[in-house]
Undergrad: 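Have a look at the structure that comes next, please.
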Amino acid sequence: MSDAAQKELPKGYEPRDVEERWRVFWEENACFTPKPEDPDKAEAAPYSIVIPPPNVTGNLHIGHALNLTLQDILCRHARQLGKQVLWVPGEDHAGIATQNVVERRLAAEGKSRHDLGREAFIERVWQWKEEYGDNIRRQIRAMGASVDWTRERFTMDEGLSRAVRHVFVRLYNEGLMYKGRYIINWCNRCHTALADDEVEHSPQKTSLWLIRYPLEDGSADLVVATTRPETMLGDTAVAVHPEDARYARAVGKNVRLPLTNRLIPVIADGYVDREFGTGALKVTPSHDHNDWHLGRKHNLECIQVIDDKGSMNEHAGAYQGLSKEDARSRVVADLESLGLLQEVREYENSVGRCYRCQAVIEPHVSVQWFVAVKTLAEKAKNAVPEQTRIFPASWLKTYYAWLDSIRDWCVSRQIWWGHRIPAWTCDNCRKLLVLESDPATCPDCGHSAFTQDPDVLDTWFSSALWPFSTLGWPDDTPELRRFYPTSILVTAFDILFFWVARMMMMGLHFMGQPPFLHVYIHALVRDAQGKKMSKSTGNVIDPLAMIDKYGTDSLRFTLAVFAAMGRDIRLSEDRIESSRHFMNKIWNAARFALMNLEKDAPGPLDVAAAAALHHRWILHRLEELKSGQLAALAEYRFNDAAQALYRFVWHEFCDWYLELVKPDMQSESGERAASARFILWTALREILILLHPFAPFLSSEIWNVLPGNERSADLSSVAFPPQRDLAHFAEDAERMEMLQEAIVAVRTIRAELNIAPAYRLTVLIRPADAGAGAFLEAHRQLIISLARLDSLTIDPAAIIPRLSASNVAKGNEIIVPLSGAVDCAAEVSRLDKELAKLDKEHAMLSAKLANPSYRQKAPQDIVERDQTRVAELRETQGKLRILQEKFVEGLRRETEN
RNA sequence: GGGCGGUUAGCUCAGUUGGUAGAGCAUCGGCCUUACAAGCCGGGGGCCACAGGUUCGACCCCUGUACCGCCCACCA
């Protein structure tokens with residue numbers, strides 16, 4: 001940091017000037033690039049995280065910012081604890097999403113992907129990726145993420161593609177990957193199959209049509225209820241409940257399907273809900289998931305009437321060529337004219353939509369590749385919580401429930417952008433070959449012409465391998481040996497199933513160990529309406545705008561301080577602004593310290609024997625902060641850690657300690673100033689270290705100019721400050737409160753009686769006892785300085801002047817003689833108010849203590865504490881009343897004279 | 001239908017093992033006290049959703065109710 005060499009800080013903190021220099025510094029010095037085989041680090045514990053790879057298509061949104069912030073806090077903290085840390089960055093190719101984006105671009109040029117052809121289209125997507133992958137890289141970098149860029153990965157890069165093929169082939173050979181005909185979720189717009197969890201359900205107003213299906217023998221009509229009349233053309237049965245008396249006679253007979261005149265059987269199945277609709281269900285195995293299962297069970301024919309573009313096909317007879325929407329109206333109209341439409345009811349059901357493009361999903365029967373997940377899911381389930389712990393644990397149930405109800409995973413997608421399925425068919429003998437490398441000759445017939453399966457794999461297939469594929473698997477690499485399993489996965493709950501559960505399955509199956517020891521599931525950052533932000537809806541907030549306006553550290557600190565476990569964050573700009581205030585506060589505290597410190601590091605001094613009270617106090621509090629932070633971060637209580645830091649730095653270090661230290665600095669005594677300098681320097685130094693995981697830029701910048709540090713001092717490599725045993729300061733720290741209360745008492749009188757802050761008061765203190773008197777006497781300078789006094793008399797026998805405002809603090813009577821024009825009524829009512837407050841507390845406590853069972857059953861220390869408090873209150877009230885009476889009397893004599 | 005979470009100051013939210021509540025912003029009063037007006041000092045403001053229960057004692061534990069939100073499964 002050569003150009004930041006002047007050991008002086010500008011007046012306000014300007015993040016923009018500072019941040020970029022540090023990003024460059026960290027990269028140029030390879031600060032976050034661990035060497036797994038470094039003998040010096042052999043003793044260090046490994047700590048690793050793989051980044052949840054953002055989509056190449058998107059911009060980083062505020063949710064990513066939260067995700068990155070939390071991971072970075074953990075990584076930087078782990079480095080401070082002496083661990084060898086690897087954080088692997090990377091991006092996801094996001095099959096459907098990316099293809100959609102590029103296709104939209106092509107559409108703007110009036111072209112479709114088919115105009116380009118597969119090769120050229122994929123080339124086009126790669127170009128897009130190069131452009132936008134860089135965008136995301138810049139944004140991760142902007143957040144200050146301490147990732148190892150030398151190990152950046154992309155789900156479609158060569159190594160990961162190899163891992164994907166390897167996994168596919170092994171699963172196939174193990175019988176866990178199979179090709180089968182099945183009903184799947186089909187998106188007409190994306191023109192591909194989707195996995196069950198890629199379908200989002202939302203309510204929709206529609207109608208329930210009641211249609212009459214005449215029995216073949218003409219004895220009666222069966223009335224079925226449906227929300228999709230157009231699919232009736234593909235009906236192959238009508239199902240009723242086996243115990244439904246209304247339909248008992250119809251079971252086993254046939255009905256004549258209207259509009260087609262096909263005969264279809266009436267079957268009985270317990271699946272049918274007698275209460276719903278008419279209790280008779282039309283069964284269309286080709287176009288409904290439940291009907292598909294029913295059809296399989298009853299060996300029903302499967303007639304597909306809607307094609308993969310959403311139009312009626314040749315099996316739809318007269319309706320062929322119509323869109324499914326047009327077919328619906330025509331079918332309904334035709335039924336009505338035939339008198340077969342009994343009723344139309346208003347109805348609301350939920351309709352499945354594509355999670356990428358929101359188009360309505362059509363159940364569709366086709367040949368797809370599936371992963372048999374039963375055994376994999378079982379392993380994933382059993383590994384939690386013994387091998388992998390989930391935070392917060394409330395997600396356990398959800399995790400188990402999902403794995404319990406999981407169905408085979410449809411992994412083939414009919415798009416072009418993605419990992420091509422490594423399966424070939426021999427052009428000659430039709431043999432299917434599943435291989436890691438392209439086949440040369442057919443093992444059966446010796447021919448060498450093959451056709452590769454045109455489909456690609458689900459994006460989440462490669463994502464599932466991420467924790468080990470990024471470390472070099474299937475090769476046996478030093479990274480893999482050192483850093484697998486990873487320490488923790490940090491992610492939002494919305495991809496718990498898509499991603500986390502599948503990583504667990506694949507990691508356990510292929511590595512024999514779970515992919516991570518801990519999973520921390522953080523909040524979702526929601527928009528102003530509390531709605532989930534998503535790339536496809538476009539309601540995202542650009543964290544870069546916040547960074548630009550308030551600085552990265554402010555954004556990071558805000559996200560951390562609100563990251564309470566298990567609760568969503570609704571982010572607003574004024575919160576980020578208040579974090580900026582905090583950053584600036586620290587900056588100025590540092591400026592003050594630097595003004596008072598000398599060029600070289602002060603000291604050394606025996607901290608455990610620190611002389612003055614305020615030094616002992618701040619050091620003691622600092623130790624408490626340190627152990628608090630260690631505990632909080634170990635349990636992922638980011639908000640607790642950040643909040644404790646905030647309170648300590650602002651309200652203890654700045655509000656009190658810096659003020660207390662001012663007189664030291666001006667002191668004649670060189671020794672006193674020297675020890676103050678050392679403690680100030682020590683406290684600031686450690687504050688910066690504690691702050692660093694949360695605000696890496698600001699802390700680094702200040703660290704860099706702190707006396708005693710080299711010009712290129714790198715805070716990111718500085719260890720967490722060793723803890724000191726300062727338990728013997730605890731009593732001093734407590735007595736500090738007496739001082740603070742006395743000072744506040746004077747300030748309150750000043751404020752409420754409207755005495756100018758600049759006016760130097762004369763104050764008398766009648767101490768509670770000899771001990772308090774000696775104590776206050778010993779620290780009279782601090783009181784004079786912080787309460788802005790002219791003179792201070794500490795004397796148990798001090799005469800109370802006629803007109804004087806007063807307060808009682810820990811039994812000490814604080815008396816401020818008044819002169820000149822004073823608002824006397826204000827003082828009387830102030831004391832009234834004060835007394836009323838004490839009365840209330842006194843009444844509450846004495847009622848409690850009057851209860852015999854309380855005195856009997858409550859823990860002794862609690863009872864004693866209350867008793868002490870009551871005695872204290874009584875004493876304070878007594879003194880305050882006397883002081884008030886004296887004041888009133890003084891007033892009266894004034895007026896008499 | 002199943003599961004999860006929420007209800008605390010005007011707003012947005014914290015609250016570690018039960019000992020009657022805190023922050024930020026907002027608000028009121030006073031201050032350019034030479035680190036910081038992005039600041040300092042002081043004040044006001046809460047039957048902790050409601051009803052029961054356990055307990056000496058409940059924001060906290062248990063049961064139920066109301067409203068809000070999310071996830072999963074979906075009755076055609």
Side-chain angles (χ1 to χ4, degrees), chain A residues 9 11-13 196-197 201 208-209 224-228 231 239 271-284 288-291 294 347 349-350 352 392 394-395 397-398 401-402 405 493-494 496-497 524 526 530-532 550 554 558 561-562 564 566-572 574-575 577-596 628 631-632 635 637 639-640 643 646-647 651 654-655 658-659 662 744 747-752 754-758 785-786 788 830 833 844 848 851-859 861-863 865-866:
Chain A
L9 298 174
K11 193 151 185 210
Y13 176 54
D196 292 338
D197 49 17
H201 294 269
L208 189 64
W209 287 271
V224 300
T226 182
T227 54
R228 299 205 52 197
T231 64
Y271 163 77
V272 177
D273 178 358
R274 278 172 285 184
E275 308 299 315
F276 187 88
T278 59
L281 167 71
K282 68 190 241 356
V283 183
T284 325
D288 183 278
H289 289 281
N290 294 308
D291 292 7
L294 219 46
Y347 189 67
N349 70 347
S350 77
S394 53
W395 285 102
K397 265 191 182 176
T398 316
W402 189 78
S405 62
F493 68 79
D494 56 340
L496 182 63
F497 307 132
L524 229 49
R526 296 182 180 276
K531 267 170 62 183
K532 178 176 162 179
Y550 303 103
S554 305
T558 309
V561 87
F562 290 111
R567 267 186 87 145
D568 287 346
I569 297 176
R570 255 201 271 173
L571 196 70
S572 63
D574 58 345
R575 291 177 157 207
E577 197 181 344
S578 91
S579 292
R580 181 181 60 172
H581 294 179
F582 180 47
M583 296 302 131
N584 197 54
K585 185 76 179 172
I586 299 164
W587 182 259
N588 278 293
R591 284 183 61 221
F592 170 79
L594 290 171
M595 280 170 51
N596 286 287
E635 294 163 34
R637 289 182 285 111
N639 59 325
D640 286 347
Q643 224 167 69
Y646 182 98
R647 293 179 70 120
H651 296 301
C654 290
D655 285 355
L658 293 187
E659 295 303 322
K662 280 178 183 174
V744 169
R747 285 173 176 170
T748 306
I749 290 171
R750 188 194 285 277
E752 303 230 333
N754 265 318
I755 300 165
S785 162
L786 294 208
R788 300 186 72 78
R830 188 183 68 76
K833 211 167 59 185
M844 191 266 289
K848 204 160 134 184
N851 184 344
S853 54
Y854 168 72
R855 304 182 65 123
Q856 241 172 39
K857 295 187 183 176
D861 54 324
I862 297 287
V863 176
R865 195 198 57 191
D866 284 351

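Note on naming: letters A, B, ... go to the chains in the order of the sequence lines (proteins, then strands), and numbering restarts at 1 for each one. Every value quoted in this text rests on a predicted model; they were computed, and no experiment measured them.
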Undergrad: For B:A51 and B:C67, measure between their C1' atoms and round to the nearest Å.
TA: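 The answer is 15 Å between these two C1' atoms.
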Undergrad: With sequence neighbours left out, what residues match A:Phe493 under side-chain contact (heavy atoms from CB on, under 4.5 Å)?
TA: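 Applying side-chain contact (heavy atoms from CB on, under 4.5 Å) to A:Phe493 gives A:Trp395, A:Ile521, A:Leu524, A:Arg526, A:Asp568.
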Undergrad: What integer number of Å spans the C1' atoms of B:G45 and B:C28?
TA: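 B:G45 and B:C28 have their C1' atoms separated by 11 Å.
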Undergrad: Do any N or O atoms of the protein come closer than 3.5 Å to N or O atoms of nucleotides 33-38 of chain B, and which pairs are they?
TA:
{"residue": "B:A35", "atom": "OP1", "partner": "A:Lys662", "partner atom": "NZ", "Å": "3.2"}
{"residue": "B:A35", "atom": "O2'", "partner": "A:Asn588", "partner atom": "OD1", "Å": "2.9"}
{"residue": "B:A35", "atom": "O2'", "partner": "A:Arg591", "partner atom": "NH1", "Å": "3.1"}
{"residue": "B:A35", "atom": "N6", "partner": "A:Cys654", "partner atom": "O", "Å": "3.4"}
{"residue": "B:A35", "atom": "N6", "partner": "A:Glu659", "partner atom": "OE2", "Å": "3.4"}
{"residue": "B:A35", "atom": "N3", "partner": "A:Asn588", "partner atom": "O", "Å": "3.1"}
{"residue": "B:A35", "atom": "N3", "partner": "A:Ala589", "partner atom": "N", "Å": "3.3"}
{"residue": "B:C36", "atom": "O4'", "partner": "A:Asn588", "partner atom": "OD1", "Å": "3.1"}
{"residue": "B:C36", "atom": "O2", "partner": "A:Lys585", "partner atom": "NZ", "Å": "3.0"}
{"residue": "B:C36", "atom": "N3", "partner": "A:Lys585", "partner atom": "NZ", "Å": "2.8"}
{"residue": "B:A38", "atom": "O4'", "partner": "A:His581", "partner atom": "NE2", "Å": "3.2"}

Undergrad: Looking only at atom P, what distance separates B:G15 and B:C74, rounded to whole Å?
TA: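 Taking atom P in both B:G15 and B:C74, they lie 35 Å apart.
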Undergrad: Between A:Lys397 and B:C4, is there a side-chain N or O to OP1/OP2 distance below 4.0 Å?
TA: yes
Undergrad: Determine which nucleotide pairs with B:C4, using a 3.5 Å limit on both distances of a Watson-Crick or G-U wobble pair.
TA: B:G69
Undergrad: Keeping the roles fixed (side chain from A:Arg575, backbone from A:Thr558), state whether a donor-acceptor pair exists under 3.5 Å.
TA: no
Undergrad: What is the distance from atom CG of A:Leu594 to atom CG of A:Asn588, rounded to the nearest 0.5 Å?
TA: 11.0 Å
Undergrad: Between A:Arg747 and B:G42, does any side-chain N or O lie under 4.0 Å from OP1 or OP2?
TA: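 Yes, because at least one side-chain N or O of A:Arg747 sits under 4.0 Å from OP1 or OP2 of B:G42.
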Undergrad: When the C1' atoms of B:U65 and B:U7 are compared, how many Å lie between them, rounded to an integer?
TA: 13 Å
Undergrad: Are A:His651 and B:G24 close enough that a side-chain N or O sits under 4.0 Å from OP1 or OP2?
TA: yes
Undergrad: On a whole-Å scale, what distance lies between the P atoms belonging to B:G22 and B:A9?
TA: 14 Å
Undergrad: Which part of the nucleic acid, if any, lies within reach of A:Glu275 when heavy atoms closer than 4.0 Å are counted: base, sugar-phosphate only, or nothing?
TA: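 It contacts nothing in the nucleic acid.
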Undergrad: What protein N or O atoms touch nucleotides 54-60 of chain B N or O atoms at under 3.5 angstrom, if any, and at what distances?
TA:
{"residue": "B:C56", "atom": "OP1", "partner": "A:Lys857", "partner atom": "NZ", "Å": "2.3"}
{"residue": "B:C56", "atom": "O4'", "partner": "A:Ser853", "partner atom": "OG", "Å": "3.3"}
{"residue": "B:C56", "atom": "O2'", "partner": "A:Asn851", "partner atom": "ND2", "Å": "3.0"}

Undergrad: For nucleotides B:G10 and B:U17, find the distance between their P atoms and express it as a whole number of Å.
TA: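 Between the two P atoms, the distance is 28 Å.
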Undergrad: Mind checking the P distance from B:C60 to B:G6? Whole angstroms is fine.
TA: 13 Å
Undergrad: Report which part of the nucleic acid A:Ser350 touches: base, sugar-phosphate, or nothing (heavy-atom distance under 4.0 Å, all strands).
TA: base
Undergrad: Using the P atom in both, what is the distance from B:C40 to B:A23, to the nearest Å?
TA: 14 Å
Undergrad: How is A:Tyr347 classified with respect to the nucleic acid when contacts are heavy atoms under 4.0 Å: base, sugar-phosphate, or nothing?
TA: sugar-phosphate
